[in-house]
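These notes concern the structure reproduced below.
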There are 2 protein chains.
Amino acid sequence: MPLDPRPAGPRTQGPAATDEVRRRNTAVLLRLLRDGSARSRADLARLSGLAKATVGAIVGDLEELGVILEAPAARDEPGRGRPGTLVRLDGRRHAGIGIEVNVDYVAVTVLDLTGAELWFERTAWGAGPPGTEQVLRLAREHLDRLHATGASALGLTVAVPGLIDRSLGQVVDAPNLGWHAEPLADRLAAGLSSPGLVVAVDNDANCAARAESLQGVAVGETDLVYLTGTVGLGAGVIAGGEVLRGSRGLAGEVGHLRVGTDQPCACGRTGCWEALAGQRGLVAATGLEVAAGEDPVAYAARVAALPDAATLLEPVVAAMVRGVTGLALGLDPAVVVLGGAFVPLADVLVPALEQALGAGFTGPGTRVAPSSLGLHAASVGAALDALDATYAGRRSLPRAG
Amino acid sequence: MPLDPRPAGPRTQGPAATDEVRRRNTAVLLRLLRDGSARSRADLARLSGLAKATVGAIVGDLEELGVILEAPAARDEPGRGRPGTLVRLDGRRHAGIGIEVNVDYVAVTVLDLTGAELWFERTAWGAGPPGTEQVLRLAREHLDRLHATGASALGLTVAVPGLIDRSLGQVVDAPNLGWHAEPLADRLAAGLSSPGLVVAVDNDANCAARAESLQGVAVGETDLVYLTGTVGLGAGVIAGGEVLRGSRGLAGEVGHLRVGTDQPCACGRTGCWEALAGQRGLVAATGLEVAAGEDPVAYAARVAALPDAATLLEPVVAAMVRGVTGLALGLDPAVVVLGGAFVPLADVLVPALEQALGAGFTGPGTRVAPSSLGLHAASVGAALDALDATYAGRRSLPRAG
DNA sequence: GCTAATTTATACGACTCCTGAACTAAGTCA
DNA sequence: TGACTTAGTTCAGGAGTCGTATAAATTAGC
């Protein structure tokens with residue numbers, strides 16, 4: 001029961017034993033192989049800084065777990081001495097499941113160990129927002145489907161639009177879904193009773209931000225802001241490679257940031273960012289009505305298609321500039337990723353935002369780019385989160401099952 | 001030469017060997033003893049989660065290093081079995097040095113290993129902003145003074161008002177000091193030639209924020225914003241217990257965040273936060289002139305003493321509310337600490353800010369408090385940074401010297 | 001075609017570290 | 001005085017990494 005009495009940052013770790021060393025070194029090698037490239041043991045030793053003997057031992061372990069294949073010696077470049085036997089990751093035995101729950105739809109992404117997509121499904125909820133039993137049923141369905149392929153799930157993460165307590169695995173408040181103080185992780189873990197499966201919960205914007213930084217338009221970036229437009233507006237922030245959470249998990253809840261003056265907001269105040277640039281803001285700016293049951297992204301696409309969209313959207317653009325420059329000044333992201341309903345509006349938004357951010361201090365300004373993962377973003381990020389414990393060395397791969 | 005090819009967050013670590021395990025576990029015990037409390041080995045084992053044998057071994061090592069003293073068995077409560085022999089940290093042999101360099105003054109704080117202040121000195125620079133040689137001379141002076149007490153320095157960190165590249169130990173740009181692309185850490189390390197001394201550079205607001213979270217008004221908090229008013233205005237952010245840096249180290253550079261409309265700023269734009277709430281903003285609001293050579297804090301104190309300060313400062317308060325709520329919404333800090341020139345104005349600012357932040361989502365709102373470290377903040381934070389590698393387990397204590 | 005140089009991979013011994021159990025030490029309580 | 005309880009140390013066992021030595025597989029050169 002390791003416990004550290006003082007609140008400590010991520011860099012300040014608790015007690016450890018030697019087996020953690022192996023976990024960490026294994027994770028280093030896994031990360032080197034994650035992209036599917038084939039490497040020799042000697043390569044891995046050089047790249048990781050580990051001794052050859054250590055690499056040999058770890059690769060042996062991984063082979064035994066069925067996670068590594070010896071690729072037939074495909075020697076391209078000449079080279080002098082004995083050619084290495086290449087190994088590459090075989091991700092088919094393990095997977096991560098990501099489920100994005102929203103008011104009117106649910107999206108499921110299943111990624112294999114290498115991060116390759118096994119399948120993605122997006123379906124509308126039958127009637128009204130779902131309860132946790134429906135999420136459980138869906139999770140079980142996809143878990144079974146995964147087991148049928150002979151793979152096992154390392155983790156399952158649910159992305160929820162709301163306030164999350166990640167350490168408790170609780171949805172503190174998801175007003176759109178009508179969920180409050182919902183112990184979702186525990187409930188799913190109990191309902192699935194799949195030993196070794198780690199169930200987690202996270203905010204949808206946080207998941208989307210993680211996805212964009214690992215597989216999307218901001219791949220490789222450790223500092224980025226993901227802005228998502230739905231009916232409302234929210235942000236997910238990756239800072240220093242980690243999701244920024246804040247003291248209560250509210251970091252990135254910027255919908256009610258004051259970026260204007262008059263426009264009244266549902267929250268009672270005026271000038272809120274989401275009142276100006278959320279769906280209601282788009283309606284106010286363009287006069288275009290939302291069709292019954294229309295998706296915010298579809299609506300935004302119709303807005304973008306208006307002949308005089310650029311001029312009509314001026315107040316929206318102004319609000320976005322105020323909001324984004326504020327966030328960017330405080331957080332200094334390398335990229336601002338526009339997601340959700342902002343994707344169809346990217347042609348109008350990106351130039352204006354890049355210009356506003358270009359006048360930065362030194363060096364290149366913050367980039368602005370539309371999400372490349374689109375509707376997949378949150379569920380992919382959730383699935384990546386399910387794999388993260390393994391790649392970060394917090395967890396070792398389970399014995400073959 | 002451990003190197004991990006992919007940019008990895010703090011939680012994603014490089015390769016490790018068994019000696020790192022010892023470093024980490026030692027750090028766990030050091031943190032438990034840091035506050036000066038005396039504990040028995042058995043207590044330490046229970047609190048840390050380590051085995052008794054391990055605790056015994058580590059405490060033995062630390063005793064040999066002269067870092068731990070066996071306190072005479074002061075048994076207060078009765079208790080049943082054999083009483084434990086208490087040990088406590090003896091910080092006198094090791095210290096961290098923090099130097100805050102500014103345009104017109106320099107502050108030095110030396111903390112012993114337990115974090116207790118050995119001395120603090122604040123002196124004005126003779127004429128004009130200093131060069132790096134003057135910082136070197138000062139560092140050598142305090143290092144000698146420390147050595148004279150029989151202690152050795154674990155690290156020396158310099159807090160600089162400007163843009164820092166921490167991994168390079170470089171001051172990228174400190175316009176007030178006239179420093180550009182200055183390899184300060186290397187220069188000091190070379191000039192001091194004190195083996196084992198780790199020299200680092202950091203931004204002054206970041207250091208101050210760290211100090212407030214470890215010893216100041218926000219002690220124990222892992223998420224806070226430190227706002228400092230000088231002639232300009234800047235913020236240091238602690239998120240998840242770590243300093244938030246951003247992609248280029250510019251995180252927290254919020255002086256030119258747009259919080260108003262008209263007030264022209266030196267940067268050419270209008271409505272910048274520092275134009276409204278920096279020293280020029282105070283002058284504009286109150287009409288009170290800055291005396292020749294007057295310190296921003298002293299000037300702010302005179303402003304606060306004006307009979308009609310509360311009404312005169314209304315535009316300043318409004319700007320602060322806009323800026324602080326923006327930062328707080330994005331970052332969700334537990335506390336906003338007001339430092340520098342905002343300390344004398346706290347009576348006016350705190351109620352207004354707390355009210356604006358109180359209307360939060362759920363739970364208690366963000367606290368607002370004036371800095372309790374005042375002028376010490378940045379240099380104390382720098383000194384704490386110098387001790388941090390030891391307490392975080394990244395570095396082991398040097399053999400007795 | 002043979003040999004030397006070069007590189008890969010494994011085997012092995014040395015070393016570090018943590019752990020649990022056994023054991024000794026030093027008290028309290030009856 | 002003796003039973004009980006808690007503290008601290010010793011020791012064997014297991015897990016890890018590392019460097020060196022060794023075997024294996026090629027290429028380069030003659």
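Just so it is clear: chains get the letters A, B, ... in the order the sequence lines come, proteins before strands, and each one is counted from 1.
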For [X], give me all partners under salt bridge (charged side-chain N to carboxylate O under 4.0 Å, His left out), at least two apart in sequence or on another chain.
X: A/R41; result: A/E63, A/E70
X: A/D223; result: none
X: A/D112; result: none

Checklist line | Qualifying residues under side chain to side chain donor-acceptor pair (under 3.5 Å), relative to B/S167, sequence neighbours excluded | finding: B/D165
Check: In chain order, what residues pass the side chain to side chain donor-acceptor pair (under 3.5 Å) check against B/D202, with sequence neighbours excluded?
Finding: B/R166, B/N206, B/R210, B/R245
Checklist line | Under 4.0 Å protein heavy-atom contacts per nucleotide of nucleotides 4-17 of chain C, with B for base, S for backbone only and - for none | finding: --BBBBSB----BB
